[in-house]
Trainee: 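Next up is a structure, given as structure tokens.
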There are 2 protein chains.
Amino acid sequence: MANILAVDDEPAILAIIQNVLGKDGHRVTAVQDPRCIPAEGLARYDLILLDVMMPHLDGFALCKKLRACVDCPILFLTAKTDESALVQGLETGADDYIGKPFGAAELRARVSAHLRRETREHFVSLAFAGAHFNLSSRQLVVGEGGPPTNLTKSEYAICEFLARNQGQVFSKEQIYENIFGLDGASSDTTIATHIKNIRAKLDAQGYAPIKTVWGIGYKWDD
Amino acid sequence: MANILAVDDEPAILAIIQNVLGKDGHRVTAVQDPRCIPAEGLARYDLILLDVMMPHLDGFALCKKLRACVDCPILFLTAKTDESALVQGLETGADDYIGKPFGAAELRARVSAHLRRETREHFVSLAFAGAHFNLSSRQLVVGEGGPPTNLTKSEYAICEFLARNQGQVFSKEQIYENIFGLDGASSDTTIATHIKNIRAKLDAQGYAPIKTVWGIGYKWDD
DNA sequence: ACTATTTTTAAAGAATTGATAAAGATTTTG
DNA sequence: CAAAATCTTTATCAATTCTTTAAAAATAGT
């Protein structure tokens with residue numbers, strides 16, 4: 001299950017995408033006007049689908065802009081099927097280029113392949129000097145072969161999010177948005193309290209990976 | 001530049017691959033008989049290209065076997081262009097499926113896209129001779145791979161502003177306005193004090209990029 | 001030597017974080 | 001289905017850190 005952003009000026013195409021990928025359990029956010037892409041909270045998407053030919057904004061230019069601030073797979077989904085367009089698309093930083101008319105099965109398979117790859121890479125990389133995440137059982141193990149830390153769902157989610165973006169600083173709002181979605185309006189103290197509780201549990205095991213960056217937020221540093 | 005393994009029973013195709021990708025500086029190892037794939041040293045390949053229909057061994061089965069012990073991108077390159085074959089190919093663990101006859105440009109673009117993704121830059125940075133800014137984590141690192149300088153929010157903001165406009169001189173008022181907005185009425189000493197504190201921290205690391213332009217203001221010069 | 005400007009010092013004021021505790025949700029258990 | 005346990009969110013306040021200010025000392029230019 002993944003968060004997917006789909007941008008296309010044709011509502012019919014958006015509906016198909018939403019239908020096809022929804023069946024696989026993904027949450028699809030459909031945007032018809034590329035100018036309305038949420039600037040904040042882009043980080044919470046696991047994959048982005050883009051049309052090339054849209055009014056108001058060129059898909060290639062949009063891809064370049066998105067790529068500058070986003071790390072997830074970007075896939076073009078377009079009627080422009082000539083090879084030079086494909087090359088141009090991939091060179092703007094996209095990861096795949098699917099020609100219309102596309103089959104539902106191909107769309108599903110390609111989206112799955114890209115998502116699978118993300119987890120494949122992350123699985124290997126989510127081990128640190130002082131601890132490692134067991135991503136399938138959603139547990140954090142401090143040290144070597146010890147018992148898993150007894151974190152709650154939210155606490156684990158915060159840890160995994162910060163750890164996946166090791167070194168990067170996030171504000172409390174950003175953390176909340178990335179974990180609970182944009183809708184949830186929360187006070188700063190929510191995340192602050194979670195962080196405090198996480199630190200209490202990890203400190204008890206002699207592990208302190210969450211650093212405060214004063215005035216900005218928190219980061220995972222191990 | 002990458003190590004690429006290409007498996008295809010047709011020598012002509014292998015030659016084309018070797019020629020096309022060789023021009024991009026990649027080292028292509030060509031294997032005509034899938035049974036001869038080196039069991040050892042598979043990990044040294046950054047990307048694998050597979051044919052589907054080969055004598056002696058099915059490409060899909062081969063992909064599954066490879067995927068079990070290898071983490072790099074696997075791309076099918078095949079004449080079987082129907083959708084169900086594509087879906088089957090991606091489901092065996094491959095990352096892409098390119099139909100023959102393929103254009104040289106498409107092959108290059110797709111291979112580059114997959115390699116690029118492996119090493120995708122997670123942090124946007126602003127680099128100078130003696131230091132670089134990690135813009136995503138809002139940190140200034142002096143020298144090569146050293147620890148980030150411990151700057152406060154305002155101090156970092158001033159540094160980034162001056163650095164972004166390298167060489168340009170700004171008065172204290174201009175600096176204050178650009179960072180805190182027009183509304184903030186501040187005395188000159190506010191910025192002067194910040195500059196002093198920044199210099200103290202950077203001087204301690206043997207780095208002095210902020211120059212005073214007497215009677216005018218300050219500039220970043222590195 | 002004089003003046004204007006910058007740098008330093010030191011301390012008051014403002015903002016942010018961390019800790020404590022308790023109310024509101026949710027899930028588990030009997 | 002209700003009670004109990006657990007988790008999430010909120011409010012409040014102390015502790016910490018940062019920002020701003022005022023005034024003295026140092027420095028550059030004329």
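When reading the values below, keep in mind they use all heavy atoms of this one structure, side chains included, and skip hydrogens, waters and symmetry mates. Since the structure is predicted, the reported quantities are computational estimates derived from the model, not experimental observations. All chains are named by letter (A, B, ...) in the order of the sequence lines, taking the proteins before the strands, and each is independently numbered beginning at 1.
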Trainee: Are A:His114 and A:Asp96 linked by a side-chain donor-acceptor pair shorter than 3.5 Å?
Mentor: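 Yes.
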Trainee: Does A:Arg108, at its CZ atom, have more than 12 non-hydrogen atoms belonging to other residues, nucleotides or ligands within less than 6.0 Å?
Mentor: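 Atom CZ in A:Arg108 is not crowded, with 12 or fewer foreign heavy atoms closer than 6.0 Å.
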Trainee: In whole Å, what is the span from the CD1 atom of A:Ile191 to the P atom of D:dT8?
Mentor: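 For the pair A:Ile191 CD1 and D:dT8 P, the rounded distance is 10 Å.
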Trainee: So which nucleotide from C:dT9, D:dT9, D:dT10 ends up closest to the side chain of A:Thr189?
Mentor: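 Out of C:dT9, D:dT9, D:dT10, the nucleotide with an atom closest to A:Thr189's side chain is D:dT10.
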Trainee: Rounded to whole Å, please give me the gap between OH in B:Tyr176 and C1' in D:dT20.
Mentor: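 Whole-Å distance recorded here is 8 Å.
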Trainee: Between atom NZ in B:Lys196 and atom P in D:dT19, what is the gap in whole Å?
Mentor: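 The distance from NZ of B:Lys196 to P of D:dT19 comes to 13 Å, rounded to the nearest Å.
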Trainee: Do the side-chain N or O atoms of A:Lys172 get closer than 4.0 angstrom to the phosphate oxygens (OP1, OP2) of C:dT17?
Mentor: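 For C:dT17, OP1/OP2 do have a side-chain N/O of A:Lys172 under 4.0 Å.
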Trainee: Judged by atom type as modelled, is there a donor-acceptor pair below 3.5 Å linking the side chain of B:Arg116 to the main-chain atoms of A:Leu90?
Mentor: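 A pair under 3.5 Å: yes.
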Trainee: Of the residues in residues 209-220 of chain B, which ones touch DNA chain C at a heavy-atom distance under 4.0 Å?
Mentor: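 Here the set is B:Thr212, B:Trp214, B:Gly215, B:Ile216, B:Tyr218.
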Trainee: Give a yes/no on whether any side-chain N or O of A:Arg199 is located under 4.0 angstrom from OP1 or OP2 of C:dA19.
Mentor: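 No, outside the criterion.
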Trainee: For the pair made of CD1 in A:Ile195 and C1' in C:dG18, what is the distance, rounded to whole Å?
Mentor: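 Distance check: A:Ile195 CD1 to C:dG18 C1' gives 12 Å.
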Trainee: Could you grab the distance from atom CG of B:Asp24 to atom CD1 of B:Ile4, nearest 0.5 Å is fine?
Mentor: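 That separation rounds to 8.5 Å.
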Trainee: Expressed as a whole number of angstroms, how long is the span from B:Asp188:CG to D:dA22:P?
Mentor: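 Spelled out: CG on B:Asp188 to P on D:dA22 is 12 Å.
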Trainee: Quickly work out the B:Phe180 CZ to D:dT21 P distance and round it to whole Å.
Mentor: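 Distance, rounded to whole Å: 11 Å.
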Trainee: Which of these nucleotides, D:dT20, D:dT9, C:dT16, is closest to any side-chain atom of B:Lys153?
Mentor: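 For the B:Lys153 side chain, the nearest candidate turns out to be C:dT16.
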Trainee: May I ask you to say what B:Ala192 touches in the nucleic acid, namely base, sugar-phosphate or nothing, with a heavy-atom cut-off under 4.0 Å?
Mentor: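 It contacts base atoms.
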Trainee: Using modelled atom types only, decide if a donor and an acceptor are shared between the side chain of B:Arg199 and the backbone of B:Leu202 within a distance under 3.5 Å.
Mentor: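 No, because the side chain of B:Arg199 does not come within donor-acceptor range (under 3.5 Å) of the backbone of B:Leu202.
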Trainee: Tell me: CD1 of A:Ile179 to C1' of D:dT8, nearest whole Å?
Mentor: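 These atoms are roughly 13 Å apart.
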Trainee: For a quick test of reading the model: is some side-chain N or O of A:Ser154 closer than 4.0 Å to OP1 or OP2 of D:dT8?
Mentor: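 Answer is yes, contact under 4.0 Å.
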Trainee: Side chain of B:Thr190, heavy atoms from C-beta onward: which of D:dT19, C:dT7, D:dT20 has the nearest atom to it?
Mentor: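 Selected nucleotide: D:dT20.
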Trainee: Report the distance from atom CG of A:Asn165 to atom CD of A:Glu160, rounding to the nearest 0.5 Å.
Mentor: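 These two atoms lie 10.0 Å from each other.
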Trainee: Rounded to the nearest 0.5 Å, what separates atom CD in A:Gln168 from atom CD in A:Gln166?
Mentor: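 A:Gln168 atom CD to A:Gln166 atom CD measures 11.0 Å (nearest 0.5 Å).
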Trainee: Can you measure B:Ile198 atom CD1 to D:dT20 atom P for me and round it to whole angstrom units?
Mentor: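 Distance check: B:Ile198 CD1 to D:dT20 P gives 12 Å.
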Trainee: Using the side-chain heavy atoms of A:His194, tell me which of these nucleotides is nearest: D:dT9, D:dC18, D:dT20.
Mentor: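 Nucleotide nearest to A:His194's side chain: D:dT9.
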